[in-house]
Q: 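One structure follows; several queries about it will come next.
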There are 2 protein chains.
Amino acid sequence: MEAATLKDIARELNISVSTVSRALRDSYEINAETKRLVMECAARLHYRPNPIALSLKGSSSKAIAVVVPQIANYYFSQAINGIEEVANRRGYDVLIFQTHETYEREVANLRQAVARRVDGVLISLSSESSSILHLQELQQQGMPIVQFDRVSAELNTPRVVADNFGGAFAATEHLLKTGRRRIAHLTIQPWLSITQERLAGYRAALEQYGMPYDENLVRFSTFGPDEVGPLVNELLALTPRPDAFFTASDRLAVGCLAALHQRHLSIPEDISLVGFTNLTVADMLSPSLSTVMQPALEIGQVAVGRLLDLIERKHRAEPPSTVTIPTTMVLRASSQLAMTEQSFI
Amino acid sequence: MEAATLKDIARELNISVSTVSRALRDSYEINAETKRLVMECAARLHYRPNPIALSLKGSSSKAIAVVVPQIANYYFSQAINGIEEVANRRGYDVLIFQTHETYEREVANLRQAVARRVDGVLISLSSESSSILHLQELQQQGMPIVQFDRVSAELNTPRVVADNFGGAFAATEHLLKTGRRRIAHLTIQPWLSITQERLAGYRAALEQYGMPYDENLVRFSTFGPDEVGPLVNELLALTPRPDAFFTASDRLAVGCLAALHQRHLSIPEDISLVGFTNLTVADMLSPSLSTVMQPALEIGQVAVGRLLDLIERKHRAEPPSTVTIPTTMVLRASSQLAMTEQSFI
DNA sequence: TTTATTTGCGCAAACGTTGTCGGCAACGTT
DNA sequence: AACGTTGCCGACAACGTTTGCGCAAATAAA
C-alpha cells in the first residue's frame with residue numbers, strides 16, 4: 001500500500017535495481033520478457049517514480065513555477081487555470097507563488113523556486129519590481145523564463161500579453177462611435193506596462209477620431225478603499241462634464257458604477273461606462289457592464305506552452321518573441337442605449 | 001554564484017561534510033570555533049539547505065499541500081492567503097492544488113502531494129467527493145490532515161469551519177426583525193455541509209420567531225449560466241410573494257439583484273436582499289449588498305495552525321476537534337430602508 | 001603510568017533514481 | 001582455437017543531506 005520503489009520491484013523479481021529502471025524506461029538493452037515482467041510488477045505495486053529523487057538526480061523536476069502578484073484576483077486565477085491545464089497535460093506540476101506586489105517576496109519566491117529545482121519560471125511582475133536584476137541573474141544561470149501580462153522590456157525572454165492597446169482602442173472607439181465626446185479614463189499604477197499600453201490605445205483612438213487629448217480626463221488610482229468615489233466626483237465636476245468613463249479595470253468600473261448611481265446619473269443615458277478585464281459578475285451588474293475581455297485562460301495556456309517549449313529545447317536559437325493575444329469587446333447595457341431595457345440574464 | 005552545498009563549505013574549510021552539517025545544526029559535538037568558521041563560510045557562500053535532498057532523506061519536506069476546489073474564488077484565495085502567511089512564518093512552503101470540483105482530480109492531487117513528500121494536507125472537499133476513502137487511507141498511512149470549510153464528518157480529523165449556522169441565523173433574524181415575513185432562501189448544492197448548516201440556521205431562525213417553514217421558498221442552484229434568473233422568477237410568482245431573499249452566496253445574490261432590477265422591483269423597499277461570503281465588490285453594488293461575511297483569511301490561518309501543530313506533534317493524543325469561526329453580519333443598503341440613500345462609498 | 005572518559009571530528013550508509021562501466025554468456029568470424 | 005560481437009544484466013557512483021558509528025587526541029580518574 002505504501003509508495004513502491006524500484007527496489008521493491010527488484011526484490012520481488014530477484015533482479016537488480018538498474019535493470020528495473022532500464023526496463024521501465026524501455027531501454028534497448030533489456031530483454032523483452034524481462035521488460036514484460038517488470039511492467040507487470042510495477043503496475044501491480046502501483047509504482048510511481050519518485051519526483052523528489054528525480055529532482056535530486058538533477059535531471060528535471062517536471063515542475064514549473066508560476067509567480068503572480070496575487071491569486072485573489074480573477075484574472076490571475078484564470079490564467080493559472082490555463083497554465084495548469086496545459087502543464088499537467090504535458091506532464092508537469094505547477095507550483096504557485098504570490099508576491100503580494102512586493103519586490104522582497106518576488107525575490108524570496110524565486111529563491112524557493114530554484115531550491116525546489118523547478119524546470120522553468122512563468123512570471124507576471126509585481127508592481128513594486130522596478131529592478132529586474134534578480135531575474136536577469138536567474139536567466140544567466142540557465143533558468144528558462146517566460147513573462148506574461150505584466151512584463152518588462154529589459155528582460156530578454158518570450159512575453160505573452162493581452163492586446164492592451166487594441167482593447168483600449170476598441171473601447172474608446174466604441175464610445176466615440178456611440179456619440180460620446182468627453183471620455184474620461186480611470187486607470188491604475190502608471191508605471192505598469194499594461195497601464196501605459198491601455199492609455200496609449202485610448203489616446204490613439206481619440207487622435208484617429210480627431211478628438212483632443214485632455215490629461216485632466218485621465219486619473220490614476222490604486223484600489224484603496226474610498227478612493228474611487230472622490231476621483232469620480234472630481235471628474236464629474238469638470239466642465240464640460242464627461243459623458244463616458246473608460247476604466248482600466250472592472251474593479252474601478254464597479255466603483256464608478258456605484259458613484260454614478262449615488263449621484264442619480266443614469267447609465268448609459270447620462271454617462272456611458274466601459275470596463276477592462278473580466279470580473280465574473282460583470283454581466284450581472286445593473287446595468288450589465290460593457291467590458292474589454294482579456295482571455296486570461298488563453299494567455300496562461302500560450303505562456304506555459306512557450307515555457308515548456310523552451311525547457312524542452314524545441315526552439316533552440318529562436319530569439320524570444322512577444323505574443324499578443326487579442327482582447328474582445330463585450331458590449332452590454334452600460335454603454336448601449338438600445339440594450340438598457342433588454343434582457344441580459 | 002550557483003547554489004552552494006555542504007560539500008562546497010567542507011572543501012573551503014578542509015573539513016568533512018558531516019562536520020559542516022552538524023555545525024550548521026548547532027550540534028553539541030562540534031567545537032565552538034569550528035561552528036563559527038562554518039557559519040561564517042555558509043553565510044559568505046549564501047548557503048541554503050537543499051529542500052529536495054532533505055525531502056529525499058525522508059525526514060520532513062517543510063512543505064504542506066492545500067487542496068481546494070478552485071482558486072478562482074475569492075473565498076478560497078483569501079483562505080490561501082491566510083494559510084501562506086502562517087505557514088511561511090513557521091518555515092513551511094505551501095503547494096496549492098485545485099480539484100475543479102471533481103473526485104478524480106482530488107485523488108490525483110493527493111497522489112501528487114504524497115509524491116512530493118508534503119508533511120501534511122489541508123483540504124476543502126470537492127463538491128463531487130461523496131466517497132472519502134482516499135482520504136481515510138491517506139490518514140491511515142500517517143499523513144496529518146486538517147479539513148476546512150467543506151468538511152466531512154466521516155473523516156476523523158480536526159475541522160475548521162465558518163459558523164454557517166450562526167451566520168444564516170443572524171441573516172434570517174435580521175430580515176425578520178426588519179419586518180420581513182416571506183423570506184426565500186436561494187442556496188447551492190444540497191449535499192454540501194455548508195449548505196445544510198446554512199439551511200438549518202435559516203430554519204431555526206424562522207422557528208424561533210414563530211414563522212412557518214415553507215419548502216417552496218427554498219431553491220437549490222448551481223452557478224450555471226442563466227440559472228438564477230428563472231429561479232428568481234419562480235419564487236416571485238409565488239403567492240404571497242416573498243418580501244426578502246437570503247442567498248447562500250454572493251454570486252447568487254448578485255444574480256438576484258440583476259433579476260430584481262430587471263423586474264423593476266426596488267431594493268430594499270419591495271424586496272430585501274442578504275448574501276453570504278465575501279465578494280470584493282459587495283460594497284460597490286447598487287444598492288450595496290448586505291452580507292454574512294466569512295473570515296476566510298482567519299479560517300485559513302487557524303486551519304494551517306492546527307495542521308502544523310499536528311505535524312510537529314504538539315498535541316499528541318488530543319482528539320480531533322472542530323473549530324467554528326464566527327461570521328459577521330455586514331448590514332448595507334440592500335436590507336435596510338434607512339441606508340438606501342446613505343453614502344456608502 | 002595505566003586506564004576510563006570526554007571532546008571533536010571523519011567515514012559510510014541511507015533516501016530513490018539514473019548513468020557509466022564492466023562482466024559474462026552465446027554467438028559468429030577468421 | 002583464438003578472437004571480436006552482441007545481448008543482457010549487475011555493481012557502483014552520484015545528486016545533497018542526515019546520522020550512527022568509530023577513531024583519535026585530549027583530559028580525567030585510577
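Each chain gets a letter, A, B and so on, in the order its sequence line appears, and its residues count up from 1.
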Q: Could you tell me the separation between the CZ atom of B:R116 and the C1' atom of C:dC15, rounded to a whole number of Å?
A: 16 Å
Q: Separation of A:D8 atom CG from C:dG16 atom P, in whole Å?
A: 8 Å
Q: Name the closest nucleotide to the B:L54 side chain, picking from D:dT18, C:dC9, D:dC8.
A: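 Among the listed nucleotides, the one closest to the side chain of B:L54 is D:dT18.
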Q: Tell me whether A:S21 contacts the main-chain N or O of A:V17 through its side chain, where contact means a donor paired with an acceptor under 3.5 Å.
A: no
Q: Reading DNA chain C from 5' onward, which residue's closest nucleotide shows up sooner: B:I30 or A:A53?
A: B:I30
Q: Report which part of the nucleic acid A:T5 touches: base, sugar-phosphate, or nothing (heavy-atom distance under 4.0 Å, all strands).
A: sugar-phosphate
Q: Counting N and O atoms only, with roles assigned by atom type, does the side chain of A:R116 sit under 3.5 Å from a partner on the main chain of B:P51, one being a donor and the other an acceptor?
A: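 Answer holds: no.
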Q: Can A:E40 and A:R44 be counted as an ion pair, charged N to O under 4.0 angstrom?
A: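 Answer for the salt bridge query: yes.
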Q: Name the closest nucleotide to the B:T19 side chain, picking from C:dC9, C:dG16, C:dC15.
A: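 Taking heavy atoms from C-beta onward, the closest nucleotide is C:dC9.
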Q: Please determine, for C:dT30, whether a Watson-Crick or G-U wobble partner exists with both distances under 3.5 Å, and give it or none.
A: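 Check on C:dT30: paired to D:dA1, both distances under 3.5 Å.
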Q: Tell me whether A:E154 at atom CD has more than 12 heavy atoms from other residues, nucleotides or ligands lying less than 6.0 Å away.
A: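 Count not over threshold, so no.
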Q: What integer distance in Å separates B:L24:CG from D:dT17:P?
A: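 Rounding to the nearest Å, CG of B:L24 and P of D:dT17 are 9 Å apart.
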Q: Rounded to whole angstroms, how far apart are CG on A:L6 and C1' on C:dC15?
A: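 One finds 12 Å between C1' of C:dC15 and CG of A:L6, rounded.
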Q: Measuring from A:R36:CZ to A:E33:CD, what's the distance to the nearest 0.5 Å?
A: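 One gets 4.5 Å once the value is rounded to the nearest 0.5 Å.
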Q: Measuring from the side chain of A:K57 (C-beta onward, heavy atoms only), which nucleotide among C:dT18, C:dA12, C:dA14 has the closest atom?
A: C:dT18
Q: Does C:dC9 have OP1 or OP2 under 4.0 Å away from a side-chain N or O of B:R22?
A: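 So the side-chain polar atoms of B:R22 never come under 4.0 Å of the phosphate oxygens OP1 or OP2 of C:dC9.
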Q: Does D:dC8 have OP1 or OP2 sitting under 4.0 Å from an N or O in the side chain of A:N31?
A: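 It does, given that an N or O in the side chain of A:N31 lies less than 4.0 Å from OP1 or OP2 of D:dC8.
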Q: If I take atom CG in residue A:D26 and atom P in nucleotide D:dC8, what distance separates them, rounded to the nearest angstrom?
A: 13 Å
Q: Just compare C:dC15, D:dT17, D:dA11 and give me whichever is closest to any side-chain atom of B:Y47.
A: D:dT17
Q: What's the OH-P distance between A:Y28 and D:dC8, to the nearest Å?
A: 11 Å
Q: Any donor-acceptor pair, under 3.5 Å, between the side chain of A:S55 and the base of D:dC15, if you only look at N and O atoms?
A: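 Counting by modelled atom types and ignoring angles, no donor-acceptor contact under 3.5 Å is found here.
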Q: Distance check needed: C:dG8 P versus B:L13 CG, whole Å only.
A: 17 Å
Q: Quick check on D:dT18: is either OP1 or OP2 less than 4.0 Å from any side-chain nitrogen or oxygen of B:S21?
A: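 For D:dT18, OP1/OP2 do have a side-chain N/O of B:S21 under 4.0 Å.
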Q: Roughly, in whole Å, what's the span from NZ in A:K7 to C1' in D:dG10?
A: 16 Å
Q: On DNA chain C, does the nearest nucleotide to B:T34 precede the nearest nucleotide to B:R117 from the 5' side, or the other way round? Give the residue.
A: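 Looking at DNA chain C, the more 5' nearest nucleotide goes with B:T34.
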Q: Scan A:I52 against the nucleic acid and name what it touches under 4.0 Å (heavy atoms): base, sugar-phosphate only, or nothing.
A: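 Here A:I52 touches no strand at all.
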Q: Is B:S16 near enough to C:dG10 that one of its side-chain N or O atoms lies under 4.0 angstrom from OP1 or OP2?
A: yes
Q: Any salt bridge linking B:D8 with B:R11? Criterion: basic side-chain nitrogen under 4.0 Å from a carboxylate oxygen.
A: yes
